[in-house]
Q: 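Got a structure here, written out as structure tokens. Questions coming.
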Amino acid sequence: MLFTAALLAACGSGRNSPGDTGGTGAKSSPSSPQSSTTTKQPLAPADALSTAQLKSAALSGTDADGFQIDDWPSRQTDSGSIAEPAACQPVENVRVADLDPSPKAVVSKMAYATSGPSAGSATTIGLMAYDQSDAEQILSGLRTSLAKCTSYDGGVPARATVKAITAPDDGDEAVAFQLTIKGDPPVSLAVVRSGATVGIFNTGSGTGVFAELPDSLVTAQIKKLEQVSQE
């Protein structure tokens, strides 16, 4: 089931080869059938966070109302997942949380929605530390990919289709999209950059219906990340 596969896949990173920021900071509505993005005015380059800092920045069980937060293992090996056509590779990299370039440190969590509109869904959260130029490259590469990629094969059990959803209005820039594989409900994914850290949010439902990205969870995580980054 895609829900299970996506959640199991969404906590790794490790590709070692290298992978247009800008905007006003206002939330944009989807302008194409592939993606939705937000960007904000860039500040001075931020330093990569350490593993200890990422752990401090990650949500705990008391940080987000309506969610049970648990630790989730972070893979550090190349997933070997190849997308066809190649233009869709950055999208597949997000699905399996195996970004290109690879991060300096990774911390992963699982957030189970216990109440509210997201009840019954689960969201994997991956916080990945980069030099800021590489973090920006991740978002730029994904944005370029989504301008061309509407569906792909490889790495998934059946052909995956890609559809726009509204990006979170958090962090310095964000991209959000939906993946649907035949026979399974869609999953929602968002990639948010805050300074030199990239956060991946992958939401799936165990109930067989589509689960939207929980905005309150994304906001809580990015807010805590920004607090730690400023210390």
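Computed over heavy atoms, backbone and side chain alike; hydrogens, waters and symmetry mates excluded. Residues: numbered from 1 along the sequence shown.
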Q: Restricting to non-hydrogen atoms, name the atom on A83 and the atom on Q89 that form the minimum distance, rounded to 0.1 Å.
A: N-OE1, 2.8 Å
Q: Could you grab the distance from atom CD of E136 to atom CG of D131, nearest 0.5 Å is fine?
A: 10.5 Å
Q: Could you pull out all residues at least two apart from E92 that satisfy side-chain hydrogen bond (donor to acceptor under 3.5 Å, both in side chains)?
A: S81, R95, Y152
Q: Which pairs of donor and acceptor atoms, one on a side chain in residues 222-231, lie under 3.5 Å apart (sequence neighbours left out)?
A:
residue : atom : partner : partner atom : Å
K224    : NZ   : A58     : O            : 2.9
K224    : NZ   : D63     : OD2          : 2.6
S229    : OG   : L225    : O            : 2.8

Q: Which pair of non-hydrogen atoms, one from L49 and one from Q53, has the smallest distance, and what is that distance?
A: CA-OE1, 3.2 Å
Q: Hey, could you give me the OG1/OH distance between T114 and Y112, rounded to the nearest 0.5 Å?
A: 12.5 Å
Q: In chain order, what residues pass the side-chain hydrogen bond (donor to acceptor under 3.5 Å, both in side chains) check against T161, with sequence neighbours excluded?
A: none
Q: Has T219 got a side-chain atom pairing as donor or acceptor with S216's backbone, closer than 3.5 angstrom?
A: no
Q: Output the distance between atom OG1 (T203) and atom CG (L217), rounded to the nearest 0.5 Å.
A: 7.0 Å
Q: Looking at residues at least two apart in the chain, or sitting in another chain, which of them share a side-chain hydrogen bond (donor to acceptor under 3.5 Å, both in side chains) with D70?
A: Q68
Q: Any non-hydrogen side-chain atom of D170 less than 4.5 Å from a side-chain atom of D215?
A: no
Q: Keeping S145 on the side-chain end and A87 on the backbone end, is there a donor-acceptor pair under 3.5 Å?
A: yes
Q: Determine whether a donor-acceptor pair (N or O, by modelled atom type, separation under 3.5 Å) exists between the side chain of Q221 and the backbone of A64.
A: no
Q: Considering all heavy atoms of both residues, which atom of V106 and which atom of L54 are nearest to each other, and what is their separation?
A: N-CD1, 3.9 Å
Q: Under the disulfide (SG to SG under 2.5 Å) rule, what pairs show up with a residue in residues 86-132, not counting sequence neighbours?
A: C88-C149
Q: Is the closest side-chain heavy-atom distance between K104 and M128 below 4.5 Å?
A: no
Q: Show the nearest heavy-atom pair for residues Y130 and P101, with the distance to one decimal.
A: OH-O, 2.8 Å
Q: Starting at OG of S151, measure out to NZ of K163 and round the result to the nearest 0.5 Å.
A: 14.5 Å
Q: Determine whether L189 and L213 satisfy the following criterion, side-chain contact (heavy atoms from CB on, under 4.5 Å), listing intermediate values before the conclusion.
A: CA-CA 7 Å; L189 301 102; L213 284 165; 5.9 Å; no
Q: For side-chain contact (heavy atoms from CB on, under 4.5 Å), just list the numbers for F67 and S115, CA-CA rounded to whole Å, side-chain angles, deciding distance to a tenth of an Å, and then say yes or no.
A: CA-CA 7 Å; F67 292 90; S115 63; over 6 Å; no
Q: State, to 0.1 Å, how close S194 and G171 come at their nearest heavy-atom pair, and which atoms those are.
A: CB-CA, 4.4 Å
Q: Would you check if the side chain of S188 reaches a backbone N or O of Q178 as a donor-acceptor pair within less than 3.5 Å?
A: no
Q: For residues K109 and L59, determine if any side-chain heavy atom of one lies less than 4.5 Å from a side-chain heavy atom of the other.
A: no
Q: Which atom names give the shortest non-hydrogen contact between I69 and A111, and what distance separates them?
A: CD1-CB, 3.5 Å
Q: List the steps, then state whether side-chain contact (heavy atoms from CB on, under 4.5 Å) holds for V187 with I181.
A: CA-CA 9 Å; V187 294; I181 295 177; over 6 Å; no
Q: Has S56 got a side-chain atom pairing as donor or acceptor with A52's backbone, closer than 3.5 angstrom?
A: yes
Q: Taking I165 as the starting point, is it possible to reach F201 by hopping between hydrophobic residues whose side chains are less than 4.5 Å apart?
A: yes
Q: Nearest 0.5 Å, what's the CG-CD1 distance between N202 and I125?
A: 11.0 Å
Q: Is there side-chain contact between V218 and T123, with heavy atoms separated by less than 4.5 Å?
A: no
Q: Who passes side-chain hydrogen bond (donor to acceptor under 3.5 Å, both in side chains) against D153, sequence neighbours left out?
A: R159
Q: Are any non-hydrogen side-chain atoms of V192 and V198 less than 4.5 angstrom apart?
A: no
Q: Keeping T144 on the side-chain end and S140 on the backbone end, is there a donor-acceptor pair under 3.5 Å?
A: yes
Q: Looking at CD1 of I82 and CG of N93, how far apart are the two atoms once the value is rounded to the nearest 0.5 Å?
A: 8.0 Å
